[in-house]
Number of protein chains: 2
Amino acid sequence: MARKTKAEAAATREALLDAAEDMFMEHGVARTSLEQIARHAGMTRGAVYWHFKNKGDIFRAMLERVRMPFQELVDEIEALEHDVSSLEAIRLACLQGLQRFEQHPRSRRVHAILIHRCEFFSDIDPIAMQQEITDECRDSLYQHLLISKQQHMLADNLSPEVATDLLQAMLSGLFHEWIRDPGRFSIYNRGVPLVNQLIGMMHRQGDPTRKH
Amino acid sequence: MARKTKAEAAATREALLDAAEDMFMEHGVARTSLEQIARHAGMTRGAVYWHFKNKGDIFRAMLERVRMPFQELVDEIEALEHDVSSLEAIRLACLQGLQRFEQHPRSRRVHAILIHRCEFFSDIDPIAMQQEITDECRDSLYQHLLISKQQHMLADNLSPEVATDLLQAMLSGLFHEWIRDPGRFSIYNRGVPLVNQLIGMMHRQGDPTRKH
DNA sequence: TATTTTACATTCAATTGTGTATGGAAACGT
DNA sequence: ACGTTTCCATACACAATTGAATGTAAAATA
């Protein structure tokens, strides 16, 4: 086979990753062979083994295309809306995150694969990856809820730890149920009232900035 | 090989399912062969193919050993504690459910496998199974929260639909994070404050039966 | 322009898992 | 007690993947 331009080679690499996404989503990671990925991208396994070491390497590369740390969302919000309370920033960041997932089909598909379409293989541990994402999100939430507590914005009987666990668990559960079948409902439409209600209930009573 | 007693045969069947649990948990469903299952049970594939049609059949049988519908929990609570409000019954049922998972290692392991250690295969669709369990739990929650609302026990600005989604998402998220690595924390210890806090916040203000 | 490297396709060897067919001895029904 | 069925081990044939080896023509490089 003739050699390709650097740009062309990069394009086939992306095409292979796209094909991998399709096949992983449709048949699961374990049951898609490298042959299927190559064929679906219009190539042969030669191309796959040139660009990637093995299936695990493809998987890793696929994930790297969609990284979106939660902290970035908060940072964006705080940069955009300047004069907003920390609790309000969290609320907006959550809503923004929901919207992101709904709008970026690739991100949605890759997360669906990570959560529901793969198990162990080679040196890849999807559960550890989920841990990492979750922990990062939790840490970020906790930092901001701690500040909210110090600013006396949280209800008196609500510790920042419990608030963090509560919000984290709710978001995680919502996400899991949605990602199981994204066509079933809109995560944004269902999530907005949940986030508003929960954060509203977390607010200290009588606080003039309280939302519900 | 010599024929076994009916009781002995039933015992090897159980042993095969135990072995399957171990291997599924350790290596994932896709990457465990029937040979491994048989060997780990001290048998050969002949025994496996005698008792089960194929790997999917083993999986199905494994699941049937741990069914535990949420509604049963509520029924138990309502049978046990007679003079209790509907909202309080839900709270107790949730706590009871958490305790069950913590106490029954088999149930925990099988659910961990269902959620994190398997993907598609043959005619088994673990995602659909999760849907089924989730929907069943949601329906049960909704029925009881609807009654709570009619009894004016829920906060005025809280609809039974949002309350259901909230509680369901929180429980689901908590469960997912715990099942990912059950050794990391106790789902009961972390869950109790979350359930109490959330249900406490759902209570109508000024209600004398309010918990926090 | 000559040489080297790149970007694949093709082929090969080896492994692994599956389903089935066969065999045998003991348990079971009668 | 006898034939029949059961429970499992063993053996076999087959398909599916994988990784690596090899080939090759064009792009990059000098």
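Every heavy atom of this structure was used, including side-chain atoms; hydrogens, water molecules and symmetry mates were not. Below, chain A is the first sequence line, B the second, and so on; all start at residue 1.
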Excluding sequence neighbours, so at least two apart, what forms side chain to side chain contact (heavy atoms under 4.5 Å, CB included) with B:H40? B:A19, B:D22, B:M23

Atom-to-atom span, CH2 of A:W50 to C1' of D:dG19 - whole angstrom: 16 Å

Looking only at side-chain N and O atoms, does B:T12 come under 4.0 Å of OP1 or OP2 in D:dC7? no

For the pair A:H111 and A:F101, name the ring-plane relationship: parallel under 30°, tilted 30 to 60°, perpendicular over 60°. perpendicular

Just N and O in the side chain of B:H51: are any of them under 4.0 Å from OP1 or OP2 of D:dC8? yes

Proximity to the side chain of B:T5 - top-ranked nucleotide from D:dC8, C:dA27, D:dA28: C:dA27

Is a donor-acceptor contact shorter than 3.5 angstrom present between the side chain of B:R3 and the base of C:dA27? yes

Residues in side chain to side chain contact (heavy atoms under 4.5 Å, CB included) contact with A:A47, at least two apart in sequence or another chain: A:L16, A:M43

Nearest-Å distance, CE (A:M43) to C1' (C:dA7)? 10 Å

Atom-to-atom span, CG of B:L16 to C1' of D:dA9 - whole angstrom: 13 Å

For nucleotides 16-19 of chain C, give me every protein contact, N/O to N/O, under 3.5 Å, one pair per line with atom names.
from   : atom 1 : to    : atom 2 : distance (Å)
C:dT18 : OP2    : B:L34 : N      : 3.2
C:dG19 : OP2    : B:Y49 : OH     : 2.4
C:dG19 : N7     : B:R45 : NH2    : 2.6
C:dG19 : O6     : B:R45 : NH2    : 2.7

What is the distance, to the nearest angstrom, from the CG atom on A:D57 to the C1' atom on D:dG19? 14 Å

Please tell me which of the listed nucleotides, C:dA9, C:dC8, D:dA28, lies nearest to the side chain of A:K6? D:dA28

Interatomic distance, A:E8 CD vs D:dA25 P [rounded to whole Å]: 17 Å

Within a strict 4.5 Å, meaning less than it, do heavy atoms of the B:H144 and B:S140 side chains meet? yes

Checking B:E88 against B:S85: is there a side-chain donor and acceptor pair closer than 3.5 Å? no

Once you round it to whole Å, what is the distance between P of D:dC8 and CD1 of B:I37? 15 Å

Pairwise side-chain contact, A:D57 with A:R60, heavy-atom cut-off 4.5 Å (strictly under): yes

Heavy-atom pair of closest approach, residues B:C118 and B:V29: CB-CG2, 3.3 Å

